[in-house]
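All residue numbers refer to positions in the sequence shown, counting from 1. Computation of the quantities below employed the complete heavy-atom set of this structure, encompassing side-chain atoms and omitting hydrogens, waters and symmetry-equivalent molecules.
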Amino acid sequence: MKSTVQLLSRTLLSMLIIIVSALAALILHAALPAKVDVSLLDGLLVNRYGFPVVATIYFLFLYTHCALILIQNRNKVNCSDLEAEIYFGLSFTLIYMVGMQEIVIGASPCTQWGAAFVNYQLLMGIGDAIPAIILCFLVGRIFFDGKNSKHMETGIESIYAVLPFVVIVGTIRFIMSYVGVIQSDIIDYFIPVTLWGYVLGLVFGVVYLLIETATVAGLKTMVLGIGMNWMIFNSFIGLIRKDAMPDALLRSAIDIVAIIFAIETLRVIMRRRLRRNLTVTSS
């Protein structure tokens, strides 16, 4: 009975944190110099309910998923609780910040890519990231059991984790953009769009390192946690722009497949390294 009451109180407190985080994101976006040009938003839900309502619902979904990822890993922490909170918070921060820099000019008030676009998207990313970091810390304080205090090594060196993601995610993004499977501005901004895809791969690689360090359920958390959160993040443009949802979901699904491919490639590399090391040791 006591454990049930404790779980209920933790859940209710986490729900309150999610609501506050969503409101904080809205306030941050309103306070930042970069403003959303509502006149550019023609999504069905925006036309019917207004942008503030749609944005509120979006942030509630996004941060609820962030909280659920932490809660599901409450008994699988692979390091100290504080480290895990930091690693999860950094993971969301990185994907939001790099996600905002995707060169889709039609999704911003800027008419071309350049310093103005980068600065605008940077501020928008900050508005998403700060509440996520605070949420991860608070939900972790509530649900992590506090039994873990020591960092446990994953055995994965950063170079081996990052390279498969850079090559695979970046190359798949380039191909899908160039052949027109997903919408992009690659024709107008070939080099920036191509480089962004490889930077996205780099960030996914770094995030995978963070997740593998934070939890023993690294693969599952990376795909169903970070991958699905990335899809929710990308779906925002589908909510506020007409006919943009299919492309937003498609590009997210392609990225998730690329992530799985990169992880499996990394595992092959690690197994080969292990066999080679065992061979050298035995000889």
Side-chain angles (χ1 to χ4, degrees), residues 36-37 40-46 54-55 58 61-62 65 91-114 116-118 120-122 124-125 128-129 162-208 222-265:
V36 176
D37 188 349
L40 298 174
L41 311 181
D42 56 357
L44 176 64
L45 293 178
V46 173
V54 174
Y58 160 76
F61 270 106
L62 184 71
H65 189 260
S91 297
F92 295 126
T93 295
L94 287 171
I95 64 172
Y96 297 163
M97 297 299 287
V98 75
M100 280 295 182
Q101 291 298 333
E102 183 169 7
I103 304 167
V104 183
I105 303 300
S108 80
C110 301
T111 57
Q112 60 183 2
W113 181 82
F117 176 91
V118 172
Y120 173 84
Q121 299 299 124
L122 176 63
M124 297 296 284
D128 289 358
V162 170
L163 280 179
F165 285 89
V166 173
V167 174
I168 293 172
V169 174
T171 302
I172 289 178
R173 265 290 186 148
F174 168 73
I175 294 172
M176 295 296 102
S177 297
Y178 192 74
V179 301
V181 173
I182 58 177
Q183 299 175 17
S184 75
D185 292 310
I186 194 168
I187 301 301
D188 296 324
Y189 302 101
F190 181 84
I191 293 178
V193 170
T194 301
L195 286 178
W196 180 88
Y198 287 97
V199 172
L200 177 65
L202 173 64
V203 167
F204 279 141
V206 172
V207 169
Y208 180 67
M222 187 67 190
V223 176
L224 298 180
I226 300 300
M228 291 305 299
N229 197 260
W230 175 245
M231 181 171 284
I232 295 172
F233 173 81
N234 279 315
S235 70
F236 181 63
I237 190 63
L239 293 173
I240 63 176
R241 295 299 298 271
K242 185 178 180 181
D243 301 327
M245 185 62 80
D247 181 74
L249 296 178
L250 177 60
R251 69 178 64 229
S252 302
I254 290 172
D255 290 336
I256 293 173
V257 171
I259 288 171
I260 296 172
F261 190 17
I263 292 174
E264 292 304 317
T265 302

Quick check for you: to the nearest 0.5 Å, what is the distance between [X] atom [atom1] and [Y] atom [atom2]?
| X | Y | atom1 | atom2 | answer |
| --- | --- | --- | --- | --- |
| W230 | H65 | CH2 | NE2 | 14.0 Å |
| L250 | Q183 | CG | CD | 9.5 Å |
| I240 | L45 | CD1 | CG | 11.0 Å |

Considering all heavy atoms, the nearest [X]-[Y] contact:
| X | Y | result |
| --- | --- | --- |
| S177 | I182 | OG-CD1, 3.6 Å |
| Q112 | I105 | C-CD1, 3.8 Å |
| I103 | V193 | CD1-N, 3.6 Å |
| N234 | A248 | O-CB, 3.4 Å |
| I172 | A258 | CD1-CB, 3.8 Å |
| N229 | L62 | ND2-O, 3.4 Å |

Do [X] and [Y] have side chains that approach each other closer than 4.5 Å (heavy atoms only, starting at C-beta)?
| X | Y | value |
| --- | --- | --- |
| L239 | V46 | no |
| D128 | F236 | no |
| I168 | T265 | yes |
| L249 | M231 | yes |
| L44 | K242 | no |
| V207 | F92 | no |

message = Donor-acceptor pair, distance only, cut-off 3.5 Å: does the side chain of W196 make one with the backbone of V98?
response =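 Yes, the answer is positive, given that a donor and an acceptor are paired below the 3.5 Å cut-off.
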task = Please name all residues satisfying salt bridge (charged side-chain N to carboxylate O under 4.0 Å, His left out) with D255, sequence neighbours left out, ordered by chain then number.
result =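 So D255 forms a salt bridge (charged side-chain N to carboxylate O under 4.0 Å, His left out) with R173.
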inquiry  = If the condition is salt bridge (charged side-chain N to carboxylate O under 4.0 Å, His left out), which residues does D185 pass it with, not counting sequence neighbours?
reply    =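 Listed in chain order: nothing, the list is empty.
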query = Can you check side-chain contact (heavy atoms from CB on, under 4.5 Å) on M100 and L122, steps first, answer last?
reply = CA-CA 7 Å; M100 280 295 182; L122 176 63; over 6 Å; no
Excluding sequence neighbours, so at least two apart, what forms ring pair (Phe, Tyr, Trp, His ring centres under 6.0 Å) with [X]?
| X | answer |
| --- | --- |
| F190 | F174 |
| Y198 | none |
| F165 | Y208 |

query = Considering residues at least two apart in sequence or located in another chain, which fulfil the side-chain hydrogen bond (donor to acceptor under 3.5 Å, both in side chains) criterion with Y189?
reply =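 If we apply the side-chain hydrogen bond (donor to acceptor under 3.5 Å, both in side chains) test to Y189, skipping adjacent residues, there are no hits.
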task = Report the C-alpha distance between M222 and F204 in whole Å, list the side-chain angles of each, state the deciding distance to 0.1 Å, and finish with yes or no for side-chain contact (heavy atoms from CB on, under 4.5 Å).
result = CA-CA 9 Å; M222 187 67 190; F204 279 141; 4.3 Å; yes
request  = Would you sort out whether V104 and I237 count as a side-chain contact (heavy atoms from CB on, under 4.5 Å), showing the intermediate values?
outcome  = CA-CA 10 Å; V104 183; I237 190 63; over 6 Å; no
